[in-house]
Amino acid sequence: MSEFDYDLFVIGGGSGGVRAARLAAGLGKRVAVAEEYRFGGTCVIRGCVPKKLYVYASQFPEHFEDAAGYGWTVPEATFDWKTLVANKEREITRLEGLYRKGLENAGAEIIEARATLVDRHTLDVGGRRVTADKIIIAVGGRPNPHLALPGHEHCIFSNEAFDLAELPSAIVIEGGGYIAVEFANIFHGLGVDTTLVYRGKEILSRFDQDLRRELHATMEAKGIKILCHDVLTEVEKRGEGDLLVHLKSGKTIEASQVMLAIGRLPNTEGLGLEAAGVETGKGGEIPVDNYSRTNVDNIWALGDVTNRVQLTPVAIHEAVCFIETEYRNNPTEVDHDMIATAVFSQPEIGTVGLSEDEAAKRFDRLEIYRASFRPMRHTLSGRQEKMLMKLVVDGDSRRVIGAHVMGPDAGEMAQLLGIALKARLSKDDFDRTMAVHPSAAEELVTMYAPTYRVEKGERVD
């Protein structure tokens, strides 16, 4: 018999932790997974899944408008926020049940309690001590509370935004990342007077500049107010559901809700990391090697808590690599190269690989292929929104190193583009691919001549 209670103990019931626990239990290992809140983690409970459902809900007003151009007469529509919240809750409860069922069917033990480290092999789980040969920390992250902001206690975060008792009449959102941008579009689509405040020069700082500018312009054309180069300095409560937001620029904005989306922090406080000898970084993140191992050789960390790439499929990939390495005698390093991602703004963004600016720092010569056009679905509706497609190509090898799309179904396209870029396909491979007509995606394989070139960081027309 092993000297330990478990072969593997997982702290955290999110996507990465559950995948590792389920696969290990399926291999006959004695596994326990502890979660103090709900299984499914940020993605299922308070992130990707409910957010995408709310994105769908917020798109219907435009669908109703567009229908007229196609001959449909749609009666005046009404929206009920509480119905959306209740239906969302039913769906995430169903998904949480699937997570639990998967663990149970594999033979893993589910522990609904907070787990903290006592030493490198011992944990305190809801007041009792257990031991484990290997331990995975997969506790995710939480919104930055911005405690230095006067009046921060009057603000909400993405967590609370899904379950507000009432839909606000006006909201101010601070932040310029994908969470802030997505929620700005969601609330605006649901009829909320929406203002986005961002300290930077342009929203979505890690994305390609062309996409950032075009999305900014499109959001403003819809009626979303975007204030860059500004920050909140105080949130003043003036009455029930009445807030006054003070900005560094001197402006004030009246709102019924203020949402802070200014980054996320690893959930490592009070976890007992020091007791186990696990090192942390300046922001509380857990540094790991290419196999997700911490500085303590029997403890691993997966997902957002490592602050590598904060995406659900990445956490799942890291979990699979752990299983391959530790339990299948197949050492597998985590691969964070060429990760496709999407921003479910309106219009949405899909992207994979390097932006033009990033590529210009790494490659001496680039070819940039760019197309902007009205998608076919807008031609009868009268909607003026443009679709943008862009390929970034290494001018020497002709390899496509970046692909960026803004427009309907951009996220779906990004997933397929991710395969092509991961396979290191060349622009010639794209050119040899037959187009699907009529489709927006055909533009990706029919941009034969570069729009311009970049040599040693300088644009050449």
Side-chain angles (χ1 to χ4, degrees), residues 42-43 47-48 51-52 55 140-141 143-144 158 173-185 196-219 224 226-231 260-266 281-283 285 303-315 317-318 334-363 366 368 370 388-393 400-407 410-411 413-415 417-418 421-422 454 457:
T42 296
C43 180
C48 322
K51 174 196 69 183
K52 189 70 180 291
V55 167
N144 180 355
S158 55
I173 301 174
E174 182 172 28
Y178 75 93
I179 295 175
V181 168
E182 289 173 337
F183 272 101
N185 282 275
L196 185 67
V197 180
Y198 180 49
R199 65 181 179 180
K201 182 179 179 181
E202 186 57 277
I203 58 174
L204 296 177
S205 62
R206 297 182 183 180
F207 289 78
D208 188 86
Q209 190 69 250
D210 281 346
L211 296 183
R212 299 166 67 192
R213 293 193 189 105
E214 189 69 23
L215 179 62
H216 182 145
T218 304
M219 287 172 62
I224 300 171
I226 301 177
L227 305 177
C228 291
H229 293 300
D230 216 341
V231 296
L260 302 180
I262 51 175
R264 294 177 63 82
L265 305 175
K282 291 181 180 179
E285 75 280 3
D304 291 2
V305 75
T306 67
N307 198 28
R308 289 179 286 183
V309 180
Q310 297 184 19
L311 294 170
T312 297
V314 173
H317 168 72
E318 291 166 0
V334 173
D335 181 4
H336 288 140
D337 185 46
M338 288 294 175
I339 298 172
T341 188
V343 179
F344 294 106
S345 50
Q346 297 174 40
E348 67 186 52
I349 283 174
T351 184
V352 59
L354 300 177
S355 68
E356 179 183 332
D357 289 343
E358 291 172 324
K361 296 174 184 176
R362 303 190 197 183
F363 297 86
L366 299 176
I368 306 299
R370 188 182 186 279
L388 176 65
M389 294 190 176
K390 183 175 181 179
L391 296 177
V392 181
V393 177
V400 181
I401 54 177
H404 312 281
V405 181
M406 189 192 82
M413 293 186 209
Q415 179 64 86
L417 284 166
L421 269 66
K422 191 69 175 178
V454 177

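Counting begins at 1 with the first residue of the sequence. All values below come from the heavy atoms of this structure, side chains included, with hydrogens, waters and symmetry mates left out. The model shown is predicted, which means the values in this text are computed figures rather than measured ones.
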Inset, instruction - Just do the side-chain contact (heavy atoms from CB on, under 4.5 Å) check on His336 and Glu318 with the steps written out, would you? - result: CA-CA 9 Å; His336 288 140; Glu318 291 166 0; 2.9 Å; yes
Inset, instruction - Please lay out, stage by stage, how Arg264 and Ile179 fare under the test side-chain contact (heavy atoms from CB on, under 4.5 Å). - result: CA-CA 10 Å; Arg264 294 177 63 82; Ile179 295 175; 4.0 Å; yes
Inset, instruction - Determine, step by step, whether Leu196 and Ile203 satisfy the side-chain contact (heavy atoms from CB on, under 4.5 Å) criterion, reporting the C-alpha distance in whole Å, the side-chain angles of both residues, the deciding distance to 0.1 Å, and the verdict. - result: CA-CA 9 Å; Leu196 185 67; Ile203 58 174; 4.0 Å; yes
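Residues Thr218 and Met406 form a side-chain contact, since some pair of their non-hydrogen atoms from C-beta on lies under 4.5 Å apart. By the 4.5 Å heavy-atom criterion applied to side chains, Arg206 and Ser355 are not counted as neighbours. Considering only heavy atoms from C-beta on, Thr341 comes within 4.5 Å of Phe207 through its side chain. Side-chain contact between Cys228 and His216: present, with at least one pair of heavy atoms (C-beta onward) separated by less than 4.5 Å. Val55 has its side chain out of reach of Glu348: every pair of non-hydrogen atoms, C-beta onward, lies at least 4.5 Å apart. Taking the side chain as every heavy atom from C-beta outward, Lys52 and Glu182 never approach each other to under 4.5 Å. Between Pro347 and Leu215 the shortest side-chain heavy-atom distance falls below 4.5 Å. Two residues are said to be in side-chain contact when any heavy atoms from C-beta on lie closer than 4.5 Å; Val400 and Val392 fail this criterion.
Between the side chains of Gln209 and His404, not a single donor N or O lies within less than 3.5 Å of an accepting N or O.
The side-chain hydrogen bond (donor to acceptor under 3.5 Å, both in side chains) search around Thr306 returns Arg308, not counting sequence neighbours. For Gln415, the side chain to side chain contact (heavy atoms under 4.5 Å, CB included) test picks out no residue, with sequence neighbours left out.
Using a cut-off of 4.0 Å between Lys/Arg side-chain N and Asp/Glu carboxylate O, Asp335 and Lys422 are scored as salt-bridged.
Side chain of Arg370 to main chain of Lys390: no donor-acceptor pair is present (N/O by atom type, distance under 3.5 Å, no hydrogens or angles). Not one N or O on the side chain of Asp230 forms a donor-acceptor pair closer than 3.5 Å with the backbone of Val197. In this structure a side-chain-to-backbone donor-acceptor pair under 3.5 Å is missing from Arg199 to Val231.
Among all heavy-atom pairs drawn from Ile349 and Leu211, the shortest one is CG2-CD1, 3.8 Å. Counting all heavy atoms, side chain and backbone alike, Pro266 lies closest to Gly283 at CD-O, 3.3 Å. When all heavy atoms of Thr312 and Cys43 are compared, the pair lying nearest together is OG1-CB, 3.0 Å. Heavy atoms only, all atoms of each residue included: Ala342 and Gly411 are closest at CB-CA, 3.8 Å. Across every non-hydrogen atom of Leu417 and Ala403, the tightest pair is CD1-CB, 3.9 Å. The two residues Ile368 and Val454 make their nearest non-hydrogen contact at CG1-CG2, 4.1 Å.
Between the CZ atom in Phe344 and the CZ atom in Phe183 there is a gap of 13.0 Å [rounded to 0.5 Å]. Atoms CG and CG, from Asp208 and Asp357 in turn, are 7.0 Å apart once rounded to the nearest 0.5 Å. Atom CZ in Arg213 sits 11.0 Å away from atom CG in Leu388 (nearest 0.5 Å). Interatomic distance, CE of Met219 versus CD of Glu214, reported as 12.5 Å (0.5 Å rounding). To the nearest 0.5 Å, atom CD1 of residue Ile262 and atom CG of residue Asn144 are 4.5 Å apart. Once rounded to the nearest 0.5 Å, the distance linking CD1 of Ile401 with CE of Met338 reads 7.0 Å.
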